[in-house]
**Student:** 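I'd like to ask some things about the structure below.
Residue numbers start at 1 and run along the sequence shown. Both counts, for ligands and for their atoms, begin at 1 and track the order of listing.
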Amino acid sequence: LLSTKELKPQTSNLTFKDVAGLDEAKVEITEFVEFLQKPEKFSQLGAQIPKGALLVGPPGTGKTLLAKAVAGESKVPFYSMSGSEFVEMVAGLGAKRVRKLFKSARENAPCIVFIDEIDAIGRKRADSGAMGRNEEREGTLNQLLVEMDGFEPATNVVYAPGRFDRTVDIGLPDIKGRADILKVHMKNIKMSKSMDEYAPRIAALTPGFSGADLANICNEAALIASRTQEASISMKHFEDAMDKVIGGLEKKNKVLS
Ligand code: ATP
């Protein structure tokens, strides 16, 4: 039952260039990159090393991407695990998994431990008759806190999020942010006009869209064009792709409400 997947650190080739917009977040997170690259420089001066950053924001806004870019920029291993997975776990397994993950992380320090949806571990479910679940969550959370507190800064592990020295807000992109994100994803597709032509037009039509939605639009447009054997992607394909992605978002909202 205990998957070893998360015990193997990944290497990340992503850099800040792959993350469009989020300029303030990048500035805030640069401190972690500097530390991960040269931990001695900080510890020699007796500086308190920041241990954890809490990245807060709506789904699909680039939190995972940013954490991976920090790993890529710093050239350190990246561990990731999802808080929501623990909710489904058999008693005792969550805490055990956290212990194993951090043991491996310590052996490979400096590194990044990224915990997605950490709120799922902390949350208590009011509707839950299943006491076991809440206890399991508490056990997992306690183990996580023990691991985070027990880590001396000198062991060179940065948690994202951890016992948080920094909270980094990551919001939905504004029109310029959307155009920049579109350009990142337009690099990978073949279009009939330049990205300077398409990106601002699509950005103007997509208020409220996340980076993930915009990446989706680019991919959908390429799929639509390829279905009709087109040699390149045109505005019409992007329009159809936007309709498709908007349709998907509406469906998701209906399920939620
Ligand atoms: P979740 O909370 O759902 O886990 P997240 O904030 O971690 O979401 P990511 O997984 O980082 O979001 O983003 C999903 C995908 O959306 C990325 O892999 C990337 O393709 C695209 N994306 C999101 N934000 C950006 C951005 N700022 N620049 C470029 N691409 C982005």
**Student:** Test of understanding: clusters of I, L, V, M, F, W, Y form through side-chain heavy atoms closer than 4.5 Å, transitively. Do F209 and I175 belong to the same one?
**Tutor:** no
**Student:** Between A221 and I233, which heavy-atom pair has the shortest distance, and what is it?
**Tutor:** CB-CG2, 3.8 Å
**Student:** Identify the heavy atoms of R178 and P173 that sit nearest to each other, and give their distance.
**Tutor:** NH1-O, 3.2 Å
**Student:** Should one rank D213, L65, T64 by closest heavy-atom distance to atom 18 (O) of ligand 1, which comes out on top?
**Tutor:** L65
**Student:** Please could you name the atoms of ligand 1 that D18 approaches to less than 4.0 Å, counting only its heavy atoms?
**Tutor:** 28 (N), 29 (C)
**Student:** Considering only non-hydrogen protein atoms, determine which one is nearest to atom 14 (C) of ligand 1 and report residue, atom name and distance to 0.1 Å.
**Tutor:** A212 CB, 3.9 Å
**Student:** Does any N/O atom on A20 come nearer than 3.5 Å to any N/O atom on ligand 1?
**Tutor:** yes
**Student:** Do the side chain of S12 and the main chain of K68 share a donor and acceptor less than 3.5 angstrom apart?
**Tutor:** yes
**Student:** What protein heavy atom lies closest to atom 2 (O) of ligand 1? Include the residue and the distance to one decimal.
**Tutor:** K63 NZ, 3.1 Å
**Student:** Can V245 be reached from V184 by stepping across I, L, V, M, F, W or Y side chains whose heavy atoms are under 4.5 Å apart?
**Tutor:** no
**Student:** Got an N/O contact under 3.5 Å between G60 and ligand 1?
**Tutor:** yes
**Student:** Relative to the ring of F114, is the ring of F78 parallel (under 30°), tilted (30 to 60°) or perpendicular (over 60°)?
**Tutor:** parallel
**Student:** Under a 4.0 Å threshold between the charged nitrogen and the carboxylate oxygen, would K176 count as salt-bridged to D180?
**Tutor:** yes
**Student:** At under 4.0 Å between heavy atoms, which part of H185 makes contact with ligand 1: side chain, backbone, both or neither?
**Tutor:** side chain
**Student:** Within the 4.0 Å heavy-atom shell around I181, which atoms of ligand 1 are there?
**Tutor:** 26 (C), 27 (N), 28 (N), 29 (C), 30 (N)
**Student:** What do you reckon, does G62 have a nitrogen or oxygen under 3.5 Å from a nitrogen or oxygen of ligand 1?
**Tutor:** yes
**Student:** Listed by chain and number, what are the ring-ring contact (aromatic ring centres under 6.0 Å, His included) partners of F16, not counting sequence neighbours?
**Tutor:** none
**Student:** May I ask you to identify, for T61, whether its side chain, its backbone, both or neither come under 4.0 Å of ligand 1 on a heavy-atom basis?
**Tutor:** both
**Student:** Go through ligand 1 atom by atom and flag the ones less than 4.0 Å from a non-hydrogen atom of G211.
**Tutor:** 16 (O), 21 (C), 22 (N), 23 (C), 24 (N)
